[in-house]
Structures are given as structure tokens and as C-alpha cells.
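Just below is one structure, and these are the notes that go with it.
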Amino acid sequence: MRIATWNVNGIRARLGPVTDWLRDRAPDIALLQEIKTQDDGFPREAIAALGYEIHTHGQKGFNGVAILSRLPVSDVMRGLPGDEADGQARWIEATVTGTRPVRVACLYLPNGNPAPGPKYDYKLAWMERLRARARAILASERPAVLAGDYNVIPTPQDARRPEAWAQDALFLPDSRAAFRRLEHLGLYDAIRLRHPDGGHYTFWDFQRGAWERDDGIRIDHHLLTPQAADLLTDAWVEREMRGGERPSDHVPVWVQLDA
DNA sequence: ATGGTTGTGCGACAA
């Protein structure tokens, strides 16, 4: 079972690249963030025609997440629990069954800039809700993958120029500490497990020639329960997608599980 | 210090 997460930065603007990618790379499961459309605006036909079941949690103009799967999907849950008043579409979760069932969550963690301020407060509160949900998923003692745009640079080796991010919500000490708290529950960062060398950036800003300078950061992650980590056979970043036609500012990040 | 770019949707705002 191969699972890819990709912040597409607008599914309608990216429909060509996304359908080409689904056809060429054929992920079993694709977890998309920032679809930037309501559910009824999602281009279902073009993607369903490639053999994918589609489950969306959309929002007008901003945010929005989706699960695309060539394998059977069950028990879909929309919205991160813990705040009934939160209307932002940043979480969808489901069970996908290959040779065995895997619980998969697709998340778009708040950016949090500018920090300090209400947006940063929302980010940290959201991460605390994520921790509660992760704890419940871990308690099932089953294979589960929590993947998406975490908007957190976990360590200095995850940025080409860490000093440039010192005051940014993606790298502030409280953001990194909250990410570590997730890991300390017993979740494993798949790219870190397979590639402890650093680099492996997943995002390059559209501005200032960031891609041409390889001025990247690693903010898109797969966090695995121990039962999923036991099944992990590979993890990689599809870096070359950033140089393609009409790219997103993020690239796909993959895991392969023996499941 | 500022401005640089992209997407949504048509004026800002988010990133």
C-alpha cells in the first residue's frame, strides 16, 4: 500500500498536474490538502474516471482536505474533534483496506502567522486537539498514518536556512515543542526514520526564487503509529514535482506499507 | 526593511 500526501494549493488550478500524477504514479491513497473549494466544487468526474473513490471535507475559498483511494474506504470522519465552534475544514479520517485495514488521517494544520497573535493561538490550540485525537488513535493499537501539511519545521536540519525562520510560526519553539509532544506519544516520522540525514524538503516558496536556490523546508509529514511503523518499507519525497508545469509550492511525500 | 508569487474569486486575504 502506497500513500502520498500532497498540499495541492487549489484542486481546480492543479487538476491537470493532479490527474497526470494519479495516472503516472498511481498512489493507492492520495491525501490532498488546500483543495480550496466546497465539496460541490470538487472536480470529481476527472478523478473518479481514474479509478479513485473520493471523500472531501471542503470549504469555500480556503483550506479543505480530501482522501482519494483506489482501495475500499470505510468509517469516514470529518473535522478534528475538540471544538464545535471551529468551522475550518482541516481534517478528514477514514479506514482504507488493502491486505489489512489502515486508519488514515489527512490534515492541514494551521499556518499560524503572524506570531504572536490570534492565528498563532489557534495553531497551538489545534495542535493540542490533534494530540488528543492522536492519543485516541494510538489507543486502538492498530496501524494508522496521520499525514498532511503540518506547517511545522521539526528541527534545524529540516530547513536550508533555519535562521530565516526563527521568528516564523512554522519554526517557533512552541510549534516545534508541540510537534515533539506528538512524537513523544509514540508516533514515528516516516521520512526521519528512513532518511535521518536531513534535507528532504517538501515546500519551496513561490517568492524570491526559493526553488531555484533550493531554499526549502520540510513541513509535510507522515506520522505513524508503532503498528504502522512496523509495516513501513519505504518513505520518500517526490521532489521533482516542484519543477513541473504549474507546480504547487508543496510536493508529494510518500510512504509504502506492507499492508 | 521591503517586496517578491500564487489561488480564490473579483476585493482582499491567506500562505
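Remember, predicted model here, so these are calculated numbers, not experimental data. A note on names: the letters A, B, ... follow the listed sequences, proteins ahead of strands, and every chain is numbered from 1.
No donor-acceptor pair closer than 3.5 Å links the side chain of Thr95(A) to the backbone N or O of Asp75(A). A donor-acceptor pair under 3.5 Å links the side-chain atoms of Arg160(A) to the main chain of Asp214(A), judged by distance alone. Of the possible polar contacts, one joining the His195(A) side chain to the Ala235(A) backbone as a donor-acceptor pair under 3.5 Å is found.
The gap from the C1' atom of dC10(B) to that of dA14(B) amounts to 16 Å, rounded to the nearest Å. For dG4(B) and dT8(B), the P atoms lie 22 Å apart once the distance is rounded to whole Å. For dG11(B) and dA1(B), the P atoms lie 35 Å apart once the distance is rounded to whole Å. Taking the P atoms as reference points, dG3(B) lies 22 Å from dG7(B), given to the whole Å. On the P atoms, dG9(B) is 22 Å away from dT5(B), given to the nearest whole Å.
For DNA chain B, the residues of residues 106-119 of chain A within the heavy-atom distance limit of 4.0 Å (strictly under) are Tyr108(A), Asn111(A), Lys119(A), sorted by number.
Comparing Gly10(A) and Asp205(A) along DNA chain B, the residue whose closest nucleotide (by nearest heavy atom) sits nearer the 5' end is Asp205(A). Each of Gln88(A) and Pro247(A) has a nearest nucleotide on DNA chain B; the 5'-most of these lies closest to Pro247(A).
Bounding nucleotides for the chain A contact on DNA chain B, 5' to 3', at a heavy-atom distance below 4.0 Å, are dG3(B) to dA15(B).
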Using atom types as modelled, flag every donor-acceptor pair under 3.5 Å from a side chain in residues 56-67 of chain A to any protein atom, sequence neighbours excluded.
{"unit_1": "Thr56(A)", "atom_1": "OG1", "unit_2": "Asp39(A)", "atom_2": "OD1", "d": "2.8"}
{"unit_1": "Gln59(A)", "atom_1": "OE1", "unit_2": "Asn63(A)", "atom_2": "ND2", "d": "3.2"}
{"unit_1": "Gln59(A)", "atom_1": "OE1", "unit_2": "Ala89(A)", "atom_2": "N", "d": "2.8"}
{"unit_1": "Asn63(A)", "atom_1": "OD1", "unit_2": "Arg90(A)", "atom_2": "NH2", "d": "3.3"}
{"unit_1": "Asn63(A)", "atom_1": "ND2", "unit_2": "Gln88(A)", "atom_2": "OE1", "d": "3.3"}

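Lys36(A) and Asn9(A) form a side-chain donor-acceptor contact under 3.5 Å, judged by distance and modelled atom types alone. No hydrogens or angles considered: a donor-acceptor pair under 3.5 Å links the side chains of Thr233(A) and Gln256(A).
Sequence neighbours left out, not one pair with a member in residues 68-110 of chain A passes ring pair (Phe, Tyr, Trp, His ring centres under 6.0 Å). Pairs of residues two or more places apart, or lying in two chains, that qualify as ring pair (Phe, Tyr, Trp, His ring centres under 6.0 Å) and include a residue from residues 17-45 of chain A are Trp6(A)-Trp21(A), Trp21(A)-Trp254(A).
Among the protein residues, Arg90(A) comes within range of the sugar-phosphate backbone only, with heavy atoms under 4.0 Å from sugar or phosphate atoms but none that close to a base.
A search for salt bridge (Lys or Arg N to Asp or Glu O under 4.0 Å) contacts involving Asp86(A) returns Arg129(A), not counting sequence neighbours.
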